[in-house]
Amino acid sequence: MTAPLICPSILASDFARLGEEVAALEAAGADWIHVDVMDGHFVPNITLGPDIVKAIRPHTTLPFDVHLMVAPVDPWLEAYREAGADILTVHPESGPHLHRTLGRIRQLGAKAGVVLNPGTPLDVLAEVVDLVDLVLLMSVNPGFGGQSFIDTTLRKIERTRALLDAAGSKAHLQVDGGVTSANAAACVAAGADALVAGSFVFKGGPSAYAANIAAMKSA
């Protein structure tokens with residue numbers, strides 16, 4: 001089984017030293033940096049604006065995987081791309097025209113992703129699969145870190161993998177929410193190839209990041 005991409009979520013990092021944190025994650029073997037953007041409207045929390053993303057961009061060469069929990073999302077695409085986002089991932093519920101939004105992300109030169117919440121059906125993905133470079137399945141309801149993994153997500157991973165394979169899609173299949181070394185193997189076995197982890201990766205501080213990331217890769 002191929003080791004998954006590990007995408008630490010800086011939502012769980014020390015916000016007072018974000019630049020040092022992303023540099024430490026790269027040194028520890030992370031594959032992508034996952035940036036959770038929350039607007040206090042689409043989800044009940046407020047996090048990172050484009051200026052902060054721009055400020056930490058010089059501290060790592062890793063791809064920035066920016067998850068936009070923002071509504072309406074379209075007005076923010078260009079700002080986050082200019083700030084350094086390599087992947088922009090959006091929720092179908094965050095704007096009226098998902099197909100147009102994904103097309104715009106690609107016009108900006110970024111990779112386009114779709115996020116499906118626990119209650120969002122796969123039918124949405126089927127209609128835009130040709131425009132998607134990444135599918136993110138939420139294994140918690142978005143808005144806060146530290147939540148527990150919803151076990152029924154494993155069946156949704158299997159169904160999503162089947163849909164992508166049937167479409168001939170090369171999109172990454174990512175899982176986010178309560179992912180640890182205890183459930184990483186089950187996610188990969190179900191079809192995921194990228195794992196977002198916040199609390200698990202950051203526990204123990206920078207000296208533990210490499211071991212935590214390695215534990216997820218080898219689970």
Side-chain angles (χ1 to χ4, degrees), residues 1-13 25 28-36 43 62-69 86-87 89-92 111-126 129 132-204 208-219:
M1 188 180 296
T2 303
L5 299 171
I6 304 301
C7 318
S9 168
I10 59 171
L11 182 64
S13 69
L25 290 169
D31 297 291
W32 297 350
I33 301 296
H34 189 80
V35 182
D36 285 306
V43 292
L62 294 180
F64 274 11
D65 163 28
V66 177
H67 174 193
L68 294 172
M69 289 167 273
D86 298 285
I87 307 165
T89 311
V90 299
H91 290 254
K111 293 184 177 179
V114 169
V115 194
L116 302 181
N117 286 335
T120 304
L122 287 182
D123 293 353
V124 175
L125 173 61
V129 68
V132 170
D133 302 295
L134 171 69
V135 178
L136 170 54
L137 296 183
M138 294 302 299
S139 43
V140 299
N141 285 292
F144 297 97
Q147 299 184 67
S148 297
F149 184 88
I150 298 172
D151 290 334
T152 54
T153 305
L154 293 173
R155 295 198 297 273
K156 195 169 188 178
I157 297 170
E158 292 174 349
R159 298 198 311 273
T160 306
R161 171 52 61 196
L163 188 158
L164 292 173
D165 289 348
S169 173
K170 301 300 184 184
H172 288 289
L173 177 48
Q174 187 181 58
V175 183
D176 180 7
V179 180
T180 70
S181 61
N183 53 34
C187 290
V188 174
D193 62 8
L195 304 175
V196 177
S199 302
F200 181 83
V201 167
F202 285 93
K203 68 180 182 179
Y209 293 171
N212 295 342
I213 289 170
M216 295 193 68
K217 282 183 175 289
S218 62

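Scope of the values below: all heavy atoms of this structure, side chains included, with no hydrogens, waters or symmetry mates.
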Colleague: Rounded to the nearest 0.5 Å, what's the gap from OG on S13 to CD1 on I33? Could you check?
Modeller: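 CD1 of I33 is found 9.0 Å from OG of S13.
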
Colleague: Hey, mind stepping through L173 and L137 against side chain to side chain contact (heavy atoms under 4.5 Å, CB included) and telling me if it holds?
Modeller: CA-CA 8 Å; L173 177 48; L137 296 183; 4.0 Å; yes

Colleague: Between atom CG of N183 and atom CG of D151, what is the distance when rounded to the nearest 0.5 Å?
Modeller: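 The CG atom of D151 is 8.0 Å from CG of N183, to the nearest 0.5 Å.
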
Colleague: Give the minimum heavy-atom separation between V129 and A167, together with the two atoms involved.
Modeller: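 So the minimum-distance heavy-atom pair works out to CG1-CB, 3.9 Å.
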
Colleague: Just wondering, do H34 and V201 contact through their side chains at under 4.5 Å, heavy atoms?
Modeller: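 No; the side chains remain at least 4.5 Å from each other.
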
Colleague: Atom NZ of K156 and atom CZ of R159: how far apart are they, to the nearest 0.5 Å?
Modeller: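 If I round to the nearest 0.5 Å, the distance is 7.0 Å.
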
Colleague: Could you pull out all residues at least two apart from Y209 that satisfy ring-ring contact (aromatic ring centres under 6.0 Å, His included)?
Modeller: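 In terms of ring-ring contact (aromatic ring centres under 6.0 Å, His included), with neighbours along the sequence ignored, Y209 is linked to F202.
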
Colleague: Could you tell me whether a side-chain N or O of D86 sits under 3.5 Å from a main-chain N or O of F64, the two making a donor and an acceptor?
Modeller: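 Confirmed, D86 side chain pairs with F64 backbone.
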
Colleague: When you compare the side chain of H91 with that of T120, does any pair of heavy atoms fall below 4.5 Å?
Modeller: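 In short, these two side chains do not touch, never coming nearer than 4.5 Å.
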
Colleague: Please give me the minimum heavy-atom distance between I157 and A192, naming the atom from each residue.
Modeller: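 Looking at all heavy atoms of both residues, the closest pair is CG2-N, 3.6 Å.
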
Colleague: So how far is it from T180 OG1 to M216 CE, rounded to the nearest 0.5 Å?
Modeller: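 Between T180 OG1 and M216 CE, I get 7.0 Å after rounding to 0.5 Å.
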
Colleague: Does S139 use its side chain to pair, donor to acceptor, with the backbone of F149 at less than 3.5 Å?
Modeller: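 Pair absent, no side-chain N/O of S139 close to backbone of F149.
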
Colleague: Looking at H172, is its backbone amide N or carbonyl O close enough to the side chain of D193 to form a donor-acceptor pair, meaning the two atoms are under 3.5 Å apart?
Modeller: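 It does not hold such a pair.
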
Colleague: Can you find a heavy atom in the side chain of P92 that is under 4.5 Å from one in the side chain of L116?
Modeller: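 Of all side-chain heavy-atom pairs linking L116 with P92, at least one is under 4.5 Å.
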
Colleague: With T160, which of V175, D165, L122 fulfils side chain to side chain contact (heavy atoms under 4.5 Å, CB included)?
Modeller: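 Testing T160 for a side chain to side chain contact (heavy atoms under 4.5 Å, CB included) against V175, D165, L122 leaves exactly one candidate, L122.
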
Colleague: Report the distance from atom CD1 of I6 to atom CG of N212, rounding to the nearest 0.5 Å.
Modeller: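 Going from CD1 on I6 over to CG on N212, the span is 11.0 Å.
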
Colleague: So, for C187 and L195, which heavy atoms are closest and what is the spacing to 0.1 Å?
Modeller: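 Answer, listing the atom of C187 first, then L195: CB-CD2, 3.9 Å.
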
Colleague: State whether the side chain of D36 and the backbone N or O of S9 hold a donor-acceptor pair below 3.5 Å, judged by distance alone.
Modeller: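 No, the answer is negative, given that no donor and acceptor are paired below the 3.5 Å cut-off.
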
Colleague: Any idea which heavy atoms bring A12 and S199 closest together, and the distance?
Modeller: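 For A12 and S199, the tightest heavy-atom pair comes out as CB-N, 3.7 Å.
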
Colleague: Check for a donor-acceptor pair, side chain of D31 on one end and backbone N or O of C7 on the other, with a separation under 3.5 Å.
Modeller: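 Looks like no, no N/O pair under 3.5 Å.
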
Colleague: With a 4.5 Å cut-off on side-chain heavy atoms, are V35 and I10 touching?
Modeller: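 Result yes, sub-4.5 Å side-chain heavy-atom pair found.
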
Colleague: Using a 4.5 Å cut-off on heavy atoms from C-beta on, say whether the side chain of L5 contacts that of Q174.
Modeller: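 Contact flag for Q174/L5 side chains = no.
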
Colleague: Kindly give the heavy-atom pair with the smallest separation between M138 and P118, and that separation in Å.
Modeller: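 Shortest heavy-atom separation between M138 and P118 comes out as O-CG, 3.6 Å.
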
Colleague: Please report the closest heavy-atom contact between A190 and R161, naming both atoms and the distance.
Modeller: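 It is O-CB, 4.0 Å.
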
Colleague: Taking atom NZ of K217 as the centre, report whether more than 12 heavy atoms of other residues, nucleotides or ligands fall under 6.0 Å from it.
Modeller: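 Counting neighbours around NZ of K217, more than 12 heavy atoms of other residues, nucleotides or ligands fall under 6.0 Å, so yes.
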
Colleague: Scan side-chain atoms only and decide if H67 and D65 contain a donor-acceptor pair under the 3.5 Å cut-off.
Modeller: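 Their side chains do not contain a donor-acceptor pair, so the 3.5 Å distance test is not met.
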
Colleague: Quick one: side-chain contact (heavy atoms from CB on, under 4.5 Å) partners of A186, sequence neighbours excluded?
Modeller: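 Partners of A186 under the side-chain contact (heavy atoms from CB on, under 4.5 Å) test: L154.
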
